[in-house]
Amino acid sequence: MTTNPIIIDCDPGVDDAIALLLAFASAELDVLGITTVAGNVPLSLTQTNARKICELAGRSTMRVYAGCPRPMLRSLETAEYAHGTTGLQGTELPEPTMPLQAQHGVDFLIETLMQSDGDITLATLGPLTNLAIALIKAPQITPKIREVVMMGGAITHGNVTPLAEFNIYVDPHAAQVVFSSTLKLTIISLDVTHQVLTTPDRLEKIRSIGTPVSQAAADLLAFYGSYDIEKYGMPGSPLHDPCVIAYLIQPDLFTGREFFVDVETTSDRTIGCTIVDLWQLTGKSPNVNVIQTVNVEKFYELLIDRLSRYV
Ligand code: RIB
Ligand code: CA
């Protein structure tokens with residue numbers, strides 16, 4: 001089996017945590033390191049939570065880095081309402097004993113990419129601040145990035161404002177730096193992730209795996225779901241970030257098309273919305289592979305199969 005070297009940039013966060021557990025249990029992926037960013041909760045918690053999940057997964061030698069503590073221009077807006085004050089509400093994981101790497105996450109991205117032969121994929125699960133700063137500080141990394149697969153954006157509806165999705169909304173200027181680059185971009189937006197719901201029967205299948213990892217995952221998702229179920233009246237919470245990892249493991253579970261996508265950064269009412277030119281009205285060349293469908297049942301089969309691999 002050929003392994004796909006990846007770096008995961010994240011803001012754990014409950015769905016980030018499930019995405020990390022999925023990645024660590026999948027031999028198709030070679031996780032070179034985890035960079036963390038301020039997003040769902042402040043950086044001090046996202047970097048701690050990333051290490052807690054690494055230790056839960058038995059990956060205490062994984063290199064975890066702290067990146068940017070705030071967006072490029074806007075002040076940080078967090079999402080404790082969805083993830084709890086710790087960012088991993090629903091379960092009590094021990095304080096990590098594995099070290100946080102001393103190097104800044106942005107410098108780790110630059111150094112690792114520059115030393116590579118261009119085969120590394122970046123999986124971004126949070127605001128794009130780290131990647132944008134790396135591109136500004138060292139634009140020479142651009143050809144060294146095989147692809148960026150991100151959870152972010154919305155075609156039809158937002159989750160923070162009527163039009164904007166959280167990761168893009170928190171740092172729309174960083175998103176504009178990334179979307180206006182020449183990087184190969186794939187986005188998995190709310191239009192897809194809101195199809196992937198942690199319904200009670202799926203949650204029960206995860207819990208019935210019966211291991212400490214599956215127990216923690218089920219407890220995390222039970223809390224995480226309560227917000228979305230109440231807010232959207234849906235039968236479960238959308239599993240946003242694990243969709244990125246599932247795409248990297250089994251891309252044929254998804255379909256997408258290339259469109260021109262831009263980011264709105266000016267009006268208070270629309271800031272952070274991703275403008276997807278579905279009908280080629282701008283005359284601008286497509287710059288993003290916009291994922292549009294997911295095989296939900298096969299996604300959950302994959303997630304449960306991989307969570308079952310923990311002992
Ligand atoms: O809008 C959902 C995204 O924002 C997810 O990545 C979630 O973890 C938060 O970062
Ligand atoms: Ca996230």
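Whatever order the structure lists them in is the order used to number ligands and atoms, beginning at 1.
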Looking only at the side chains, is there a donor atom on one of [X] and [Y] sitting less than 3.5 Å from an acceptor on the other?
X    : Y    : result
T282 : D277 : yes
T186 : E147 : yes
T46  : D11  : no
T142 : Q140 : no
T97  : E55  : yes

> So which protein heavy atom does atom 6 (O) of ligand 1 come closest to, and at what separation?
Replying inline: D241 OD1, 2.6 Å
>> Students should be able to answer this: which protein heavy-atom is nearest to atom 3 (C) of ligand 1, and at what distance?
In response: E165 OE2, 3.3 Å
> What protein N, O or S atoms come within a distance below 3.0 Å of the Ca ion (ligand 2), ordered by chain and number?
Replying inline: D11 OD1, D16 OD1, D16 OD2, L125 O, D241 OD2
> N/O of P127 under 3.5 Å from N/O of ligand 1, yes or no?
Replying inline: no
>> Quick check: N167 and ligand 1, any N/O pair under 3.5 Å apart?
In response: yes
> For atom 9 (C) of ligand 1, which candidate among N40, N159, V170, D15 holds the nearest heavy atom?
Replying inline: N40
>> Under a 4.0 angstrom heavy-atom cut-off, which atoms of ligand 1 come close to L125?
In response: 6 (O), 10 (O)
>> If the cut-off is 4.0 Å to any non-hydrogen atom of M151, which atoms of ligand 1 fall inside it?
In response: 2 (C), 3 (C), 5 (C), 6 (O)
With a 3.5 Å distance limit and no angle check, can you tell me whether [X] reaches the backbone of [Y] through a side-chain donor-acceptor pair?
X    : Y    : value
Q176 : V263 : yes
E264 : T266 : yes
N287 : V261 : yes

>> For V14, which part has a heavy atom under 4.0 Å from ligand 1: side chain, backbone, both, or neither?
In response: neither
>> Run F24 and C54 through side-chain contact (heavy atoms from CB on, under 4.5 Å) and show every step you take.
In response: CA-CA 8 Å; F24 291 149; C54 286; 3.7 Å; yes
Distance-only check: which donor-acceptor pairs under 3.5 Å involve side-chain atoms of residues 79-86, not counting sequence neighbours?
unit_1	atom_1	unit_2	atom_2	d
E80	OE1	T78	OG1	2.6
E80	OE2	T78	OG1	3.2
H83	ND1	V14	N	2.9
H83	NE2	N40	OD1	3.0
T86	OG1	L88	N	3.0
T86	OG1	Q89	N	3.4

